[in-house]
J.: 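Attaching a single structure in C-alpha coordinates format; questions to follow.
Numbered from 1 within each chain, the chains take letters A, B, ... in sequence-line order.
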Amino acid sequence: MKNYFFQKVYAVAKDIPKGKVITYKLLAKLAGSPGAYRAVGSAMAQNPDITSIPCHRVVGSDGSMHGYSAGEGIKTKIEKLKQEGIKFKTPNRVDLEVSLWSIF
DNA sequence: TCCTTGACTGGCT
DNA sequence: GAGCCAGCCAAGG
(Lines give C-alpha, C1' and ligand atoms only; values in the text may rest on other atoms or scores of the structure.)
Protein backbone atom coordinates (compact mmCIF):
# COMPACT_ATOMS: atom_id res chain seq x y z
CA MET A 1 0.00 0.00 0.00
CA LYS A 2 1.40 3.35 -1.01
CA ASN A 3 -0.14 5.39 1.77
CA TYR A 4 0.12 2.68 4.40
CA PHE A 5 0.66 5.18 7.18
CA PHE A 6 -2.59 6.97 6.36
CA GLN A 7 -4.49 3.69 6.34
CA LYS A 8 -3.05 2.88 9.73
CA VAL A 9 -4.11 6.28 11.05
CA TYR A 10 -7.64 5.79 9.77
CA ALA A 11 -7.82 2.30 11.27
CA VAL A 12 -6.85 3.58 14.69
CA ALA A 13 -9.22 6.55 14.40
CA LYS A 14 -12.15 4.23 13.63
CA ASP A 15 -11.32 2.36 16.81
CA ILE A 16 -11.81 5.37 19.06
CA PRO A 17 -14.89 4.67 21.21
CA LYS A 18 -17.76 7.12 21.46
CA GLY A 19 -17.27 9.62 24.26
CA LYS A 20 -13.50 9.50 24.04
CA VAL A 21 -10.89 11.57 22.21
CA ILE A 22 -7.26 11.07 21.23
CA THR A 23 -4.43 13.49 20.50
CA TYR A 24 -2.63 13.80 17.17
CA LYS A 25 0.57 12.86 18.91
CA LEU A 26 -0.81 9.67 20.45
CA LEU A 27 -2.52 8.72 17.20
CA ALA A 28 0.80 9.04 15.38
CA LYS A 29 2.36 6.76 17.97
CA LEU A 30 -0.36 4.14 17.59
CA ALA A 31 0.04 4.34 13.81
CA GLY A 32 3.66 3.38 14.17
CA SER A 33 5.44 6.73 13.81
CA PRO A 34 5.56 8.67 17.11
CA GLY A 35 6.90 11.80 15.50
CA ALA A 36 4.61 11.90 12.50
CA TYR A 37 1.88 14.00 14.10
CA ARG A 38 2.08 16.40 11.19
CA ALA A 39 1.34 13.54 8.84
CA VAL A 40 -1.64 12.59 11.02
CA GLY A 41 -2.99 16.06 10.48
CA SER A 42 -2.58 15.61 6.75
CA ALA A 43 -4.39 12.29 6.94
CA MET A 44 -7.32 13.84 8.78
CA ALA A 45 -7.47 16.73 6.32
CA GLN A 46 -7.73 14.24 3.47
CA ASN A 47 -10.18 12.05 5.33
CA PRO A 48 -11.67 9.82 2.57
CA ASP A 49 -14.72 8.74 4.57
CA ILE A 50 -15.94 11.37 7.00
CA THR A 51 -18.88 9.16 7.94
CA SER A 52 -16.90 6.21 9.23
CA ILE A 53 -13.78 7.95 10.46
CA PRO A 54 -14.53 10.00 13.60
CA CYS A 55 -11.84 12.59 13.00
CA HIS A 56 -13.67 14.98 15.31
CA ARG A 57 -12.36 12.82 18.14
CA VAL A 58 -8.79 13.78 17.30
CA VAL A 59 -7.61 16.88 19.16
CA GLY A 60 -4.37 18.70 19.90
CA SER A 61 -1.97 17.63 22.65
CA ASP A 62 -3.58 20.03 25.11
CA GLY A 63 -7.12 19.26 24.06
CA SER A 64 -7.38 22.23 21.74
CA MET A 65 -9.06 22.22 18.33
CA HIS A 66 -7.06 22.81 15.17
CA GLY A 67 -9.32 22.08 12.27
CA TYR A 68 -12.20 20.13 10.82
CA SER A 69 -13.03 19.77 7.15
CA ALA A 70 -16.66 18.73 7.47
CA GLY A 71 -19.76 20.71 8.36
CA GLU A 72 -18.99 24.16 9.67
CA GLY A 73 -15.47 23.29 10.71
CA ILE A 74 -14.37 23.66 14.32
CA LYS A 75 -17.88 24.58 15.36
CA THR A 76 -19.29 21.30 14.04
CA LYS A 77 -16.43 19.40 15.63
CA ILE A 78 -17.19 20.86 19.06
CA GLU A 79 -20.90 20.18 18.68
CA LYS A 80 -20.27 16.53 17.84
CA LEU A 81 -17.96 16.10 20.80
CA LYS A 82 -20.48 17.66 23.15
CA GLN A 83 -23.20 15.37 21.81
CA GLU A 84 -21.02 12.39 22.65
CA GLY A 85 -20.60 13.55 26.19
CA ILE A 86 -17.06 14.88 25.91
CA LYS A 87 -16.29 17.20 28.81
CA PHE A 88 -14.86 20.63 27.99
CA LYS A 89 -12.43 22.61 30.13
CA THR A 90 -12.89 25.79 28.12
CA PRO A 91 -15.33 26.52 25.23
CA ASN A 92 -12.89 25.16 22.66
CA ARG A 93 -10.66 22.84 24.64
CA VAL A 94 -11.64 19.34 25.80
CA ASP A 95 -10.78 17.96 29.22
CA LEU A 96 -8.22 15.28 28.43
CA GLU A 97 -8.10 14.26 32.09
CA VAL A 98 -11.44 12.47 31.71
CA SER A 99 -11.97 12.11 27.96
CA LEU A 100 -8.62 10.97 26.62
CA TRP A 101 -8.79 7.49 25.10
CA SER A 102 -6.03 5.20 26.20
CA ILE A 103 -5.74 1.59 25.09
CA PHE A 104 -3.17 0.87 27.76
C1' DT B 1 14.76 12.74 -6.55
C1' DC B 2 13.77 17.23 -4.60
C1' DC B 3 10.69 20.65 -2.81
C1' DT B 4 6.49 22.14 -0.73
C1' DT B 5 2.61 21.57 2.19
C1' DG B 6 -0.04 20.52 6.43
C1' DA B 7 -6.41 19.81 10.99
C1' DC B 8 1.09 19.55 14.99
C1' DT B 9 4.31 20.02 18.98
C1' DG B 10 7.44 21.91 22.27
C1' DG B 11 10.25 25.59 23.79
C1' DC B 12 11.03 30.39 24.34
C1' DT B 13 9.66 35.26 24.98
C1' DG C 1 -1.80 32.89 28.95
C1' DA C 2 -0.88 34.02 24.12
C1' DG C 3 2.08 34.46 20.16
C1' DC C 4 6.20 33.25 17.43
C1' DC C 5 9.59 30.06 15.64
C1' DA C 6 12.05 25.95 14.44
C1' DG C 7 11.79 20.97 14.04
C1' DC C 8 9.66 16.71 12.79
C1' DC C 9 7.26 13.13 9.40
C1' DA C 10 4.73 11.54 5.40
C1' DA C 11 2.39 12.46 1.01
C1' DG C 12 1.97 14.58 -3.41
C1' DG C 13 3.47 17.22 -7.46
Side-chain angles (χ1 to χ4, degrees):
Chain A
M1 185 67 82
K2 193 177 181 181
N3 52 349
Y4 178 73
F5 179 73
F6 273 32
Q7 297 301 319
K8 194 86 174 180
V9 170
Y10 297 142
V12 175
K14 285 181 181 177
D15 227 29
I16 303 173
K18 183 181 180 182
K20 290 291 180 181
V21 298
I22 192 173
T23 65
Y24 287 96
K25 190 177 183 180
L26 185 53
L27 183 50
K29 183 180 178 181
L30 294 178
S33 300
Y37 30 74
R38 293 295 301 273
V40 172
S42 298
M44 292 299 108
Q46 295 167 40
N47 193 342
D49 193 351
I50 202 79
T51 59
S52 65
I53 301 174
C55 52
H56 59 280
R57 292 180 189 145
V58 184
V59 300
S61 63
D62 60 350
S64 59
M65 307 291 151
H66 284 278
Y68 191 60
S69 53
E72 294 179 50
I74 304 292
K75 187 180 175 184
T76 300
K77 184 171 181 174
I78 293 175
E79 285 303 311
K80 281 179 171 292
L81 291 175
K82 283 183 177 178
Q83 283 175 24
E84 294 184 2
I86 300 295
K87 195 174 180 181
F88 280 70
K89 257 184 175 178
T90 65
N92 58 354
R93 185 174 298 183
V94 304
D95 188 350
L96 293 177
E97 298 288 318
V98 297
S99 301
L100 179 63
W101 177 51
S102 175
I103 62 174
F104 306 114

J.: Please convert DNA chain C into dot-bracket. A pair counts if it is Watson-Crick or G-U wobble with both distances under 3.5 Å; crossing pairs go in [ ] and bases paired with another strand get |.
T.: .||||||.|||||

J.: Not counting sequence neighbours, which residues clear side-chain hydrogen bond (donor to acceptor under 3.5 Å, both in side chains) with A/Glu84? List them please.
T.: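 By the side-chain hydrogen bond (donor to acceptor under 3.5 Å, both in side chains) rule, A/Glu84 matches A/His56, A/Arg57.
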
J.: Quickly work out the A/Gln7 CD to C/dA10 C1' distance and round it to whole Å.
T.: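 For the pair A/Gln7 CD and C/dA10 C1', the rounded distance is 13 Å.
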
J.: State which of C/dA10, B/dG10, B/dA7 makes the closest approach to the side chain of A/Lys25.
T.: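 Shortest atom-to-atom distance from the side chain points to B/dG10.
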
J.: Counting only heavy atoms not in A/Lys20 (residues, nucleotides, ligands), do more than 12 fall under 6.0 Å from its NZ?
T.: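 Count over threshold, so yes.
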
J.: Starting from P on C/dC8, measure out to NZ on A/Lys29 and report it in whole angstrom.
T.: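 Whole-Å distance recorded here is 19 Å.
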
J.: Quick check for you: to the nearest 0.5 Å, what is the distance between A/Thr23 atom OG1 and A/Leu96 atom CG?
T.: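 Rounded to the nearest 0.5 Å, the OG1-CG separation comes to 7.5 Å.
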
J.: Could you state the CG-C1' distance from A/Leu27 to C/dA10, rounded to the nearest angstrom?
T.: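 Going from A/Leu27 (CG) to C/dA10 (C1'), I get 13 Å.
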
J.: Please list, chain by chain and in numerical order, all residues satisfying side-chain hydrogen bond (donor to acceptor under 3.5 Å, both in side chains) with A/Asp62, sequence neighbours excluded.
T.: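 If we apply the side-chain hydrogen bond (donor to acceptor under 3.5 Å, both in side chains) test to A/Asp62, skipping adjacent residues, the hits are A/Ser64.
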
J.: CG of A/Leu81 versus P of B/dA7: gap in Å, rounded?
T.: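 Value for this atom pair: 18 Å.
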
J.: Rounded to whole Å, how long is the line connecting atom CG of A/Leu26 with atom P of B/dA7?
T.: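 To the nearest whole Å, that distance equals 20 Å.
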
J.: Please compare A/Ala36 and A/Arg93 by the position of their nearest nucleotide in DNA chain C and report the one closer to 5'.
T.: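 The answer here is A/Arg93.
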
J.: Report which part of the nucleic acid A/Thr23 touches: base, sugar-phosphate, or nothing (heavy-atom distance under 4.0 Å, all strands).
T.: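 If one applies the 4.0 Å heavy-atom cut-off, A/Thr23 turns out to touch nothing in the nucleic acid.
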
J.: Give a yes or no on whether A/Phe88 and A/Val21 share a hydrophobic cluster (residues Ile, Leu, Val, Met, Phe, Trp, Tyr; joining criterion: side-chain heavy atoms under 4.5 Å apart).
T.: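 Result: yes, single cluster for both.
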
J.: Grab the OH-P distance between A/Tyr10 and B/dA7 for me, whole Å please.
T.: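 That distance rounds to 12 Å.
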
J.: A/Ile50: which other cluster members, linking ILVMFWY side chains closer than 4.5 Å, directly or transitively?
T.: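 ILVMFWY cluster around A/Ile50 also holds A/Tyr68.
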
J.: Which ones in residues 37-46 of chain A lie close to DNA chain B, meaning a heavy atom under 4.0 Å from one of its atoms?
T.: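 Close to the strand are A/Tyr37, A/Arg38, A/Ala39, A/Gly41, A/Ser42, A/Met44, A/Ala45.
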
J.: Between A/Leu26 and A/Trp101, what is the shortest heavy-atom contact and its length?
T.: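 Smallest interatomic distance, heavy atoms only, reads CD2-O, 3.7 Å.
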
J.: Would one find a side-chain N or O of A/His66 under 4.0 angstrom from OP1 or OP2 of B/dT9?
T.: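 Answer is yes, contact under 4.0 Å.
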
J.: Could you list the donor-acceptor pairs under 3.5 angstrom formed by side chains in residues 32-43 of chain A, with sequence neighbours left out?
T.:
{"unit_1": "A/Ser42", "atom_1": "OG", "unit_2": "A/Arg38", "atom_2": "O", "d": "3.3"}

J.: What's the spacing between A/Asp15 CG and A/Ile53 CD1 if we round to 0.5 Å?
T.: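 Reported to 0.5 Å precision, the distance equals 12.0 Å.
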
J.: Please give, in whole Å, the distance from B/dA7 C1' to A/Glu72 CD?
T.: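 Checked: the CD to C1' distance equals 17 Å.
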
J.: Could you tell me the separation between the CZ atom of A/Phe5 and the P atom of C/dG12, rounded to a whole number of Å?
T.: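 Atom-to-atom, A/Phe5 to C/dG12, this comes out as 12 Å.
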
